[in-house]
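Residue numbers start from 1 in every chain, and the chains themselves are labelled A, B, ... in the order their sequence lines are given, proteins ahead of strands. Here the structure is a predicted model, which is why all the values come from computation and not from measurement.
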Protein chains: 2
Amino acid sequence: MSTAEETAGGEAQAWGEVTPDAARRLLIAAVEAFAERGYHATTTRDIAGRAGMSPAALYIHYKTKEELLHRISRIGHEKALEILRTAARREGTARERLAGAVSSFVRWHAGGRTTARVVQYELDSLGPDARDEILALRRQCDAEVRAIIEDGVAAGEFDVVDVKGTTLAVLSLCIDVARWFNVNGPWTPDEVGALYADLVLRMVGAGGEEARR
Amino acid sequence: MSTAEETAGGEAQAWGEVTPDAARRLLIAAVEAFAERGYHATTTRDIAGRAGMSPAALYIHYKTKEELLHRISRIGHEKALEILRTAARREGTARERLAGAVSSFVRWHAGGRTTARVVQYELDSLGPDARDEILALRRQCDAEVRAIIEDGVAAGEFDVVDVKGTTLAVLSLCIDVARWFNVNGPWTPDEVGALYADLVLRMVGAGGEEARR
DNA sequence: GCCGAAGGTGAGCGGGCGCTTAGTGTGGCA
DNA sequence: TGCCACACTAAGCGCCCGCTCACCTTCGGC
């Protein structure tokens with residue numbers, strides 16, 4: 001179920017597209033620092049230091065500290081949307097597609113917790129324009145999940161009273177994994193993904209037989 | 001179901017115990033500022049300004065800015081624990097107690113979103129000692145919810161494979177309400193509380209008849 | 001072998017931060 | 001009425017922030 005790419009230890013997976021090398025190292029350093037301390041508590045000197053460079057080097061590749069957060073946020077949201085989109089448009093019943101979407105989405109939030117934390121919780125530190133751009137991506141994530149649930153209801157697989165509210169709760173449940181998941185805790189990302197897929201199927205009234213075993 | 005105290009507009013409800021008056025005004029100002037901008041992005045000048053005082057006045061009542069966050073966090077967590085404890089120890093079936101706990105806990109996070117946001121999301125800005133104290137309160141919250149679920153499983157009301165994981169997911173779901181809930185959105189705190197109580201009962205395999213209507 | 005572009009550094013700027021201190025107005029009490 | 005304790009303010013200290021700038025190296029092309 002899980003690919004090496006998704007759960008790669010260094011979490012450096014998704015940043016391959018960022019060039020040149022120095023810009024990528026700065027970006028990864030920023031992700032780590034923002035995740036540990038939060039955007040406002042992180043200094044540009046800290047980011048540059050983690051990347052093994054002088055404070056001034058940051059400004060060769062990025063106009064401001066906020067541009068770093070914006071870039072991280074956009075790449076992260078695009079990755080999240082891609083995960084949901086892939087799962088939503090796979091062949092299969094709504095039940096299978098929802099379980100797949102939730103387990104892979106949760107796996108991403110747990111395994112790439114450092115990145116996911118920044119992506120999901122530092123949104124308010126962006127300026128209005130950047131935030132609007134990111135919010136548009138979020139709405140697309142919402143639409144993908146809602147589409148699966150609507151399909152399931154139409155097919156009689158799911159039993160959901162409030163589709164909009166349930167969609168929101170499902171996404172909320174998955175996203176919050178980034179807040180509490182601990183790499184040294186009792187669960188692997190795969191285990192949390194499986195547990196959550198089961199819980200979400202129950203939420204939509206499709207807990208089914210195998211969940212009751 | 002909901003009391004005036006829980007959903008009072010100004011959210012000033014729980015701070016009655018803080019004296020003298022100037023100290024309370026500063027604390028409420030800090031809650032609002034932290035919720036809007038985050039702890040690190042909030043300045044002591046901003047807090048004092050909102051309370052209608054000079055920057056120096058803050059230090060008559062609080063040793064540091066962090067002490068403000070610590071006080072807010074402790075009072076908020078005590079309130080949250082009280083809500084869960086009251087619901088958990090009420091008379092009734094596990095099903096009824098879980099529904100009551102979730103709906104009142106969610107109502108608190110939605111209605112008192114400003115406070116809940118600070119309480120749930122600014123924990124990492126505390127120093128180690130203060131954080132440890134707050135984490136102990138969190139563990140008590142977890143224990144209350146887990147006790148209800150264990151009761152339900154023992155009584156044959158619930159069907160739960162992983163009690164620990166399900167407890168965590170239920171709390172996570174409720175807490176994350178503070179992140180996304182919007183006072184100007186389509187739902188009232190009561191509505192979200194009712195929706196979430198239903199969803200949580202489904203998660204523990206007690207969705208029951210009335211949910212299927 | 002010289003040149004310019006690209007990518008880096010060390011020093012430091014203007015400013016706002018958390019917090020302190022000296023001084024002020026005020027209300028309660030002998 | 002005189003006095004002091006208390007709550008509060010105006011001013012500002014020392015520090016570190018985001019960011020800039022003058023200068024330095026490296027290296028491919030002619």
Side-chain angles (χ1 to χ4, degrees), chain A residues 15-73 118 122-131, chain B residues 15-73 118 122-131:
Chain A
W15 312 115
E17 65 185 77
V18 181
T19 53
D21 181 70
R24 180 171 51 249
R25 269 160 47 220
L26 283 164
L27 199 106
I28 292 170
V31 170
E32 288 171 3
F34 291 163
E36 267 177 40
R37 306 220 233 289
Y39 176 78
H40 286 292
T42 298
T43 70
T44 53
R45 284 164 176 82
D46 183 24
I47 297 169
R50 282 172 192 252
M53 304 168 92
S54 75
L58 198 152
Y59 294 91
I60 295 165
H61 301 283
Y62 301 96
K63 274 216 301 285
T64 62
K65 177 178 146 186
E66 195 196 319
E67 194 193 325
L68 266 166
L69 179 61
H70 185 190
R71 284 266 240 277
I72 292 166
S73 218
V118 178
E122 298 291 343
L123 188 68
D124 289 342
S125 303
L126 287 171
D129 292 353
R131 184 164 54 236
Chain B
W15 312 115
E17 64 185 78
V18 181
T19 54
D21 183 68
R24 180 170 53 248
R25 269 161 45 220
L26 283 164
L27 200 106
I28 293 170
V31 169
E32 287 171 5
F34 292 161
E36 267 178 38
R37 305 219 234 289
Y39 175 77
H40 286 292
T42 298
T43 70
T44 53
R45 283 163 178 83
D46 182 24
I47 296 170
R50 282 172 193 252
M53 303 168 93
S54 76
L58 197 151
Y59 295 91
I60 294 164
H61 301 282
Y62 302 95
K63 275 215 303 284
T64 62
K65 177 178 147 186
E66 195 196 318
E67 192 193 327
L68 267 166
L69 179 59
H70 185 190
R71 285 264 240 276
I72 291 167
S73 217
V118 178
E122 298 292 343
L123 188 68
D124 290 341
S125 303
L126 287 171
D129 292 353
R131 184 164 54 234

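Here A:H40 contributes atom NE2 and A:L69 contributes atom CG; the two are 9.0 Å apart, rounded to the nearest 0.5 Å. Separating the CG atom in B:L123 from the NE2 atom in B:H70 is a distance of 10.0 Å, to the nearest 0.5 Å.
In summary, contact between chain A and DNA chain D, defined as any nucleotide atom under 4.0 Å from a heavy atom of the protein, begins and ends at D:dC17 to D:dC21 in the 5' to 3' direction.
Of all non-hydrogen atoms in A:L26 and A:A51, the two that sit nearest each other are CD2-CB, 3.8 Å.
Here the side chains of A:R37 and A:D46 are in contact, with some heavy-atom distance below 4.5 Å.
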Original post:
So B:M53 and B:R25, side-chain contact (heavy atoms from CB on, under 4.5 Å) or not? Walk me through it.
Top reply: CA-CA 10 Å; B:M53 303 168 93; B:R25 269 161 45 220; 3.8 Å; yes
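B:E66 contributes a side-chain N or O that, together with a main-chain N or O of B:G127, makes up a donor-acceptor pair within less than 3.5 Å.
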Polar pairs (N or O, both sides) under 3.5 Å between protein and nucleotides 17-23 of chain C?
residue : atom : partner : partner atom : Å
C:dG18  : OP1  : B:T42   : O            : 3.2
C:dG18  : OP1  : B:K65   : NZ           : 2.9
C:dG18  : OP2  : B:T44   : N            : 2.9
C:dG18  : OP2  : B:T44   : OG1          : 3.1
C:dG18  : N7   : B:R45   : NH1          : 2.9
C:dG18  : O6   : B:R45   : NH2          : 3.0
C:dC19  : OP2  : B:Y59   : OH           : 3.0
C:dC19  : OP2  : B:K65   : N            : 3.0

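Checking the phosphate oxygens (OP1, OP2) of C:dA6, no side-chain nitrogen or oxygen of A:H61 falls inside 4.0 Å.
A cation-pi arrangement is found for B:K65 relative to B:Y39, the charged atom lying closer than 6.0 Å to the ring centre and inside a 45° cone about the ring normal.
Among residues two or more places apart in sequence or in another chain, the side-chain hydrogen bond (donor to acceptor under 3.5 Å, both in side chains) test is passed with A:R131 by none.
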